[in-house]
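To start, the structure under review is shown below, and the notes come after it.
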Amino acid sequence: MQRILSEVRTFDGLLELAPEPGGEYPELVWGDHFFYYAPDGEVPHNRQPYATIVTKDYPDDTLSELNLPDRWRLNIHVGAPAFADLLGYEPAAIDASVLDFSAEDVINPHPLYGSSGWVCIVNPGPATLDRALEALRAAHHADRRRVERRSRPS
């Protein structure tokens, strides 16, 4: 996880939200990381992060078995074209019945948001780390383009 955090933290305009115990965010998200392009340093209220690192199962998201020891998951919104490039099929063609969302160091569709162009990797390692870092850079750049496009005067 440290390699990913170190790399992402070099991105221009990055806002990393990393809730900790005792802060303003609910206990459920403590220890997780949420990444935005937000050069003003303000957490956006009108859009989702472009990537997250989660360290535990969420009530509606348990297929990755993150409550087992030493497990975490990188989630990246890559969009449909990159999704197809990474996985070999379109987001609309996900067949969850043949996927093992708990497999480590494997790029999978996100168990809940895959159809929206999200991919995930449980414990990225040698087989996926370089592609994950490329996807993170591209996702950051795409978020930046969206923010800059929305901020242009009409």
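Counting heavy atoms from C-beta outward, Leu66 and Tyr58 have side chains that stay 4.5 Å or more apart. A 4.5 Å side-chain heavy-atom check between Pro124 and Leu133 finds every atom pair outside the cut-off. You'll find the side chain of Glu104 reaches within 4.5 Å of the side chain of Arg71, heavy atoms only. Counting heavy atoms from C-beta on, the side chains of Phe35 and Ile76 never come closer than 4.5 Å. At a threshold of 4.5 Å between non-hydrogen side-chain atoms, the residues Ile107 and Arg131 count as touching. Taking the side chain as every heavy atom from C-beta outward, Leu74 and Leu136 approach each other to under 4.5 Å. Leu129 has its side chain out of reach of Glu7: every pair of non-hydrogen atoms, C-beta onward, lies at least 4.5 Å apart.
The minimum heavy-atom distance linking Leu87 with Pro109 is given by the pair CD1-N, 3.7 Å. Heavy atoms only, all atoms of each residue included: Phe101 and Ala96 are closest at CE1-CB, 4.0 Å. For the pair Val29 and Lys56, the tightest heavy-atom approach, listed with the atom from each and the gap, is C-NZ, 4.2 Å. Ile94 and Leu99 make their closest contact through CG2-CD1, 4.0 Å (heavy atoms, listed as atom of the first residue, atom of the second, distance). Considering all non-hydrogen atoms of both residues, Gly41 and Leu15 come closest at O-CD1, 3.8 Å. Taking both residues in full, the closest heavy atoms of Val78 and Ala135 are given as CG1-CB, 4.0 Å, listed atom of the first, atom of the second, then distance.
With Glu148 as reference, Arg144 is the one residue of Arg150, Arg146, Arg144 to meet the side chain to side chain donor-acceptor pair (under 3.5 Å) rule.
When the side chains of ILVMFWY residues are joined at heavy-atom separations under 4.5 Å, either directly or via intervening members, Val122 and Met1 end up in two distinct hydrophobic clusters. Hydrophobic clustering (ILVMFWY, side-chain heavy atoms < 4.5 Å, transitive): Ile121 and Tyr89 are in one cluster. One hydrophobic cluster, built from ILVMFWY side chains closer than 4.5 Å, holds both Leu17 and Val54. By the rule that hydrophobic residues join a cluster once side-chain heavy atoms approach within less than 4.5 Å of another member, Tyr113 and Trp72 end up as members of separate clusters. In the hydrophobic cluster analysis, where Ile, Leu, Val, Met, Phe, Trp and Tyr join through side-chain heavy atoms closer than 4.5 angstrom, Phe34 is grouped together with Leu28.
Atom CG of residue Leu63 and atom CG of residue Asp61 lie 7.0 Å apart, to the nearest 0.5 angstrom. Interatomic distance, CG of Leu5 versus CD of Glu16, reported as 5.5 Å (0.5 Å rounding).
When atom types are taken as modelled, the side chain of Arg73 and the backbone of Cys120 share no donor-acceptor pair closer than 3.5 angstrom. Put simply, the side chain of Ser6 gets close to the backbone of Gln2: a donor and an acceptor are under 3.5 Å apart. Remark: side-chain polar atoms of Asp143 are not paired, donor with acceptor, to backbone N or O of Pro49 under 3.5 angstrom. Judged by distance alone, with hydrogens and angles left aside, the side-chain atoms of Asn123 form a donor-acceptor pair with the main-chain N or O of Asp70 at under 3.5 Å.
Donor-acceptor pairing under 3.5 Å is recorded for the side chains of Arg145 and His141. Residues Asp32 and Tyr25 bring no donor and acceptor atom of their side chains to less than 3.5 Å of each other.
Using a 30° and 60° split on the angle between ring planes, Tyr50 and His140 fall in the perpendicular class, above 60°.
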